[in-house]
Colleague: 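This structure is in structure tokens; I'll ask about it shortly.
Proteins come first, then strands; the chains are lettered A, B, ... in the order of their sequence lines, and each starts at number 1.
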Amino acid sequence: MSLPVSIPRLIGLFAVLTAVTAFAATFSNAPAYRQIPAGTGVIKFSFSHSADRGRECRRRTPEELAKLPPNMRRPLDCPRSRRAIFAELAIDDVVVFSKELPPSGFAKDGPSQVYRRFMVAAGSHTIAARLRDTPRASGFDHERIEAVSVRPGQSLALDFRPEHGGFIWR
Amino acid sequence: MIALVRRGTARGFDAAERGLNRLAGPAVNPLAQLGALGFFLFWIVVVSGIYLFMLFDTGVENAHASIEWYSTRYAWHAGVMRSFHRYASDMMIVVMALHLLREFSRDRYRGGRWFSWVTGVPVIWFLYMSGITGYWLVWDQLAQYIATTSTELLDWLPIFGEPIARNFLAPSSLSNRFFTLLVFLHIAVPLLLLFMLWIHIQRITRPKVNPPRTLAALTMLALLAVSIVKPALSQGAADLAKVPSPVGLDWFYLPLYPLADAAPGALWGLLGAATVMLAAMPWLPPLRRMKPATVDLDHCNGCGRCVEDCPYDALQLVLRSDGLPYHVEVVVNTDKCVSCGICTGACPSSTPFRSTGPLDTGIDLPDVTFASMRERLHELAARDTSSPRLLVIGCWHGAAAARGEDVLSLPCVAAAPPSLIDYALSRGLVDGVVIAGCSESACYNRLGVEWMQQRIAGERNPYLRSRVPRDRILSVWASPAEGARLDHEINTFKVRLAKLAQEQPQQQTTETPTTVREAAS
Ligand code: HEM
Ligand code: SF4
Ligand code: SF4
């Protein structure tokens, strides 16, 4: 059997292909990338929480019911849309997040949501999280203020779970 | 601007291709096989992927451990397979990028070629999605970085209800459900990729989807060598209580991830703009589309040679419509036709020996007619007072393009039927014929060089008749950058012809060879 390509040519081509493959392998996991500088950590502030309905349910009058098509004659008229939530996060008394979070979904009936990442230097920090989900105009319905110590490279998550009593670290 | 970039890139490819042609020969030049190599690497990834999947634990708790287990415990097979899987995937990016750049630099994406280009764009997306979901499954620190950054990036788009990044908020939020979805995606997206690749090559005939065996074997060996020296490994188990930083990135699949961290909106803008721009490129000016080939049924006997030779799947045989006593006739799909003229070169009716009536042929380019070829030949021969007299049949895309004046210039050398060479020599119009086409590894019209070589060698219809003295024909396959080589070869050829003239003065024949109907039988 005779080779279609001579031996020196085969070796040459093999060398080229190996070089390209080695190039691919080299940059397949290097150089390394630093998402956050050394000596810092991350606090994630995130929750998904539904506030109350915008207003109370109302009992429909018999006349109103009669006007509705038979399959939609429900005695209670409940608004679908929910109230917006106001949330605030302060790190060492600096407010880093303060925002009204509208309900999600087309019908505005989904939970209000937030997901934010904050970089902090390693060490102790006072974290204050506050949230308003009722009609009150000022003040907050939930609050958690706590000193936390952040290790370098640590990732802490502050969630809101009313069934667990409000803001919780996860 | 684009033209400038194109010229620079073309020069780079040209130099590299010439180097590789010299090193390994045009038959196995990897730069001439990029599409085929892409397919080959894809199959390597598929086979190694199936192998790894059999050993992989698809639950998020054990995924990382199972990979660690098989790549250390069974390093000599599963570990090698893993390296094959990763490095062949990386090579796919390298090969795809080169392939895209090469088609761009050769200006092979406009006109009838738009289809391959535009269907290449989703291929890029699917390949990236395949790679990214693959890295995710390892569930090591890189996977964790990819998980958070990808989901944060997706959450920037207002399409998901709950932020999907919340799936990776903390160790307790990790769910198997999401991981199962990823396993599914890492199988489904590569299938979509394969489907798209199949569509990608629908509009060309005889697509090169398998590299020559020698090249394939060496590619495997190279992968093996690198896999043994630098096995692909994981980067420590994922831990959502920590930020994976620093993390070793795959810079082929994840080069834009740092930007996703910093400015997700800007990244989406960039990706959107790049995608639209890329997909629109075939229609960006300068638009210079030549008229597609036209059929003259009076001269078509339905032999199908043009259909055989068309590189762009633009011709089809259909039932005869004009009552002539042939079964079929040829029709042109004008959208696919790139006006290379190879069909004219293939048609038995393209015979210059006819002396009565207009020189019509079965299939012709309105902008470069067969009649105009013969006319130009006569004009050049009459003008050439040197000795020996030469006919240079030059391709627009090869080294002859720069010579201008003294060339019978064609979109492809294979647009000239072999009978034209016979005619020029046997009628004593010239003493020698030079066929100056594209570089052998880079035929602009894909198959022109190959068909011309086979026609001259008598291996493909229409043959160059055996009576034509082969020592009076010179074929030079050279890129536009190789003008000097072309000149040199032509000069050497002239010396040879002069010597021939002393030994055996050329005889002239007036006999008219094959007519259409004979050729058909
Ligand atoms: C891994 C991904 C890809 C693979 C495996 C692949 C494969 C191929 C193959 C096998 C051919 C036929 C080559 C021939 O026989 O002449 C081809 C042609 C082509 N490809 Fe790709 N391709 C890929 C990605 C792309 C991309 C991203 C683009 C550009 C956006 C692209 C643009 C083209 C063009 C324009 C042609 C036609 C060339 C011509 O008209 O002669 N390809 N590709
Ligand atoms: S010119 Fe002829 S060979 Fe070339 S693409 Fe058109 S139909 Fe096909
Ligand atoms: S090669 Fe010429 S004769 Fe044959 S089918 Fe094509 S056009 Fe008709």
Colleague: Below 4.5 Å from any heavy atom of chain B, which atoms of A/A22 appear? Answer side chain, backbone, both or neither.
Modeller: both
Colleague: Could you tell me the separation between the CZ atom of A/R117 and the CG atom of B/L169, rounded to the nearest 0.5 Å?
Modeller: 11.5 Å
Colleague: Does any non-hydrogen side-chain atom of B/S245 lie less than 4.5 Å from one of A/T40?
Modeller: no
Colleague: Indicate yes or no: at least one non-hydrogen side-chain atom of B/T214 is less than 4.5 angstrom from one of A/R9.
Modeller: no
Colleague: I want to check something: taking the side chain as every heavy atom from C-beta on, are B/V247 and A/Q35 in contact at a cut-off of under 4.5 Å?
Modeller: no
Colleague: Measure distances from B/S227 to the heavy atoms of chain A and classify the residue's part below 4.5 Å as side chain, backbone, both or neither.
Modeller: neither
Colleague: Is it the side chain or the backbone of B/S83 that comes within 4.5 Å of chain A heavy atoms, both, or neither?
Modeller: neither
Colleague: Less than 4.5 Å to any heavy atom of chain B: does that hold for the side chain of A/S46, its backbone, both, or neither?
Modeller: both
Colleague: Do A/L17 and B/L221 come within less than 4.5 Å of each other through their side chains, counting heavy atoms only?
Modeller: no
Colleague: Please confirm whether the ring centroid of A/Y33 lies under 6.0 Å from the ring centroid of B/Y145.
Modeller: yes
Colleague: Given that the side chain runs from C-beta out, which part of B/V226 has a heavy atom under 4.5 Å from chain A: side chain, backbone, both or neither?
Modeller: side chain
Colleague: Start with the C-alpha gap between A/N29 and B/K230, add the side-chain angles, then the distance that decides, and say whether side chain to side chain contact (heavy atoms under 4.5 Å, CB included) holds.
Modeller: CA-CA 11 Å; A/N29 66 352; B/K230 184 183 185 292; 3.2 Å; yes
